Structure formats: C-alpha cells, structure tokens
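Okay, so here's the structure we're looking at.
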Amino acid sequence: MKVYITRRIPESGIKLLREAGHEVAVSDKDGVLTKQELVGALKEHNPDAVIPLLTDTIDAEVFDSAPQAKVFASYSVGFNHINLDDAKSRGVIITNTPGVLTDTVAEYAVSMICAMTKRIVEGDQFTKKGEYKGWAPMLLLGADLKGKTLGVLGAGRIGSRVSEIMSKGFDMNIVYYDIKENEFLNTQVNAEFRSTPEDVLKEADVVTVHVPLLDSTRHLLNADRLAMMKPSAYLVNTSRGPVIDEQALVDVLKSNKIKGAALDVYEDEPNLAPGLAELDNVILTPHIASATQETREKMSEMAAKNVIAVLSGGEPINKVE
Ligand code: GLV
C-alpha cells in the first residue's frame with residue numbers, strides 16, 4: 001500500500017515500511033509543505049497512510065484530500081497540530097511517538113536548566129568574542145541548584161524524568177503541579193504535589209514546563225501567573241510555545257521580574273515575539289529537544305510500525321484519542 005511522508009525523516013522507518021511491502025513517497029521539499037502543497041501532494045499520491053510532522057496542520061481539508069488514508073501516524077509525541085474530532089468523524093486513526101523521546105527531551109530540559117543557571121551560553125559568547133581578559137571574581141556569576149526548589153508543571157513522562165534527574169543528580173527539592181498526583185514522584189522522587197500551578201510558581205527557583213498543549217493549558221503561564229514567580233527564578237520551556245504568553249514573558253524578562261528563561265519552543269514558530277531575541281537573560285534554541293540521532297531514528301521506526309500495524313488490519317501501537 002502507499003505511504004506518504006510529508007518531509008524527509010531518518011531512513012530507519014522508511015526501511016521498515018518498504019520491508020513490509022509498502023510503497024513510500026517522501027516530499028522532496030526542503031521545508032514545511034504549505035497547506036496547499038500538502039493537500040496537492042495527498043491528492044496526487046492518494047496514500048493509504050500518512051506520516052505527518054508537528055509542523056503540518058492536519059484538519060478536515062487535509063483528511064478529505066487523502067480519503068483512502070486509514071492512519072495519520074505523526075512523527076511527534078505532541079498532537080496539538082491534528083484535529084482529533086475531524087479524524088474521529090472520518091474514522092481516521094491517529095498515532096504519535098510517545099516514550100522514545102522521554103529521556104532525550106528530559107536530558108535537554110536539564111541541559112537548559114544548567115546552561116541558564118551557570119550562564120554557559122553567555123560565557124561561550126564572551127570568550128569567543130575575545131572579551132576574556134583573565135579570571136575575575138565577579139565574572140558571570142550564576143546560581144547553584146543543590147537544595148533549591150524545582151517547580152515542575154506537568155508530571156507526565158518527561159516531567160517525571162526531569163524531576164528524577166534533578167532530585168537524584170542535583171539534590172533539588174521538587175514541587176509539581178498536574179491535574180492528578182503522580183505516585184512515582186511522590187514515593188520514589190520525594191516530590192511534593194501542589195494542587196495549583198500558582199503554588200508551584202510562587203515557590204520554585206526554577207520552573208520547567210512539561211504540559212501538553214490543550215485548551216486548558218494555552219497561556220497557562222500568562223502575565224498574572226508569570227508575575228507570581230520569584231525575581232530570582234528561572235523558567236524553562238521544552239513543551240509547546242503557546243503554553244506561555246510569549247509577549248508577557250518578554251515584558252517580564254525585560255523588566256527583570258524574573259532572572260532568566262530558556263526556550264526551545266515558541267508561540268508562533270518559527271517566529272519569535274518582538275523583543276525576545278534581543279534579551280540577554282534568555283537562551284533560545286530551535287525546537288531541538290528531541291533531536292538526537294538515536295531518538296529521531298526511533299521516532300521514524302515507531303511511526304512506521306504504527307502505519308504497518310494499521311495497514312495490516314491490526315491495532316495501532318500508539319493510538320491517540
Ligand atoms: C516534539 O516536539 C514532539 O512533539 O515530538
């Protein structure tokens with residue numbers, strides 16, 4: 001059967017699809033397909049399955065241009081780019097790639113926490129610019145993590161792993177907010193549940209965000225909530241941009257109401273809120289938290305396995321509902 005992939009991904013999954021006897025077409029555009037290009041490509045290929053990326057908006061118009069497609073197996077763990085109601089009403093199965101990127105994204109969030117509190121990016125720029133004239137007692141002073149409080153918003157797979165690393169590896173105290181308590185965090189990580197995001201924001205020295213993007217989490221960190229953070233606190237976001245009101249964050253950072261932020265995701269990717277890139281107290285990276293060779297190959301294989309399962313009449317492994 002025919003599988004269409006909306007952009008080049010690692011070969012490992014494509015190989016599995018071909019070994020299973022499927023015909024695979026991959027968009028040859030070096031970039032995200034526009035809606036019109038995506039619709040055109042689907043009409044041309046009339047695939048039985050599609051592997052889209054998180055940069056593709058998948059809605060009724062897209063589903064209707066691929067009427068044969070039984071499954072859209074997203075090459076991502078997040079699925080906010082897919083209209084699940086439109087999929088459901090057409091009987092199209094949606095899958096994602098959970099689990100394989102948990103450690104990778106958690107390691108990245110931890111790296112951002114370290115890079116920010118230890119001022120690694122500033123130090124790198126300073127040194128490369130030739131500004132380092134010798135050791136100095138007051139040069140680029142950062143902050144320690146041991147004994148401080150990490151506030152975790154969203155205690156799913158990634159939030160839990162970040163909590164575990166920061167508790168066991170850095171001796172941080174963990175407070176977390178989620179819609180329900182996490183038994184593993186409570187019993188194995190010595191983390192404390194807080195029933196509101198506000199409680200976490202007021203208490204934390206570093207806040208790390210790991211909620212999925214839902215109607216209920218859009219602008220979870222709005223101007224009012226950002227104002228609750230300590231002036232000495234840092235904010236890290238490796239989840240989805242719209243969880244933070246980015247313009248409000250620019251204002252807070254500009255007026256030094258918090259110490260700093262490290263962002264891997266943005267409200268309107270790839271655009272940045274005006275003023276964000278000019279700030280010194282922010283680290284910005286291009287949505288690469290899951291971007292390791294190993295994980296991207298696993299994501300490719302996982303998407304392929306979901307397609308193979310559905311096209312052979314079986315149950316998908318990672319169905320999203
Ligand atoms: C990355 O952001 C993903 O959802 O896989």
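By convention here, the first residue in the shown sequence is residue 1. What you see is a predicted model; the values in this text were computed from it and never measured. Every number for a ligand or one of its atoms is a count from 1 in the order of the listing.
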Return the option from V100, N80, V77 holding the heavy atom at the smallest distance from atom 3 (C) of ligand 1.
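Considering heavy atoms of V100, N80, V77, the nearest to atom 3 (C) of ligand 1 sits in V77.
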
Does ligand 1 come near enough to M299 that some N or O of the ligand is less than 3.5 Å from an N or O of the residue?
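No; every N/O pair is 3.5 Å or more apart.
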
Consider every N or O of L54 and every N or O of ligand 1, then say whether any pair is closer than 3.5 Å.
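No, no N or O pair falls under 3.5 Å.
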
With atoms numbered from 1 as shown, which atoms in ligand 1 lie under 4.0 angstrom from a non-hydrogen atom of [X]?
X	result
L101	5 (O)
G78	3 (C), 4 (O)
R240	1 (C), 2 (O), 3 (C), 4 (O)
H287	1 (C), 2 (O)

Are the side chain of E269 and the backbone N or O of Y266 linked by a donor-acceptor pair below 3.5 Å?
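Yes.
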
Whether the side chain of N182 engages the backbone of F184 through a donor-acceptor N/O pair (distance < 3.5 Å, no angle test) should be reported.
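Checking the backbone N and O of F184 against the side chain of N182, a donor-acceptor pair under 3.5 Å is found.
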
Just checking, any donor-acceptor pair under 3.5 angstrom between side chains of D264 and T285?
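There is such a pair between these side chains.
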
Does the side chain of S160 come under 3.5 Å of the side chain of S163 through a donor N or O and an acceptor N or O?
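Checked: S160/S163 side chains show no N/O donor-acceptor pair below 3.5 Å.
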
Quick one, R240 and V211 - any side-chain contact, counting heavy atoms below 4.5 Å?
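Result no, sub-4.5 Å side-chain heavy-atom pair not found.
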
Ring centre gap for F193 and Y177 strictly below 6.0 Å:
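No: the rings miss the under 6.0 Å criterion.
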
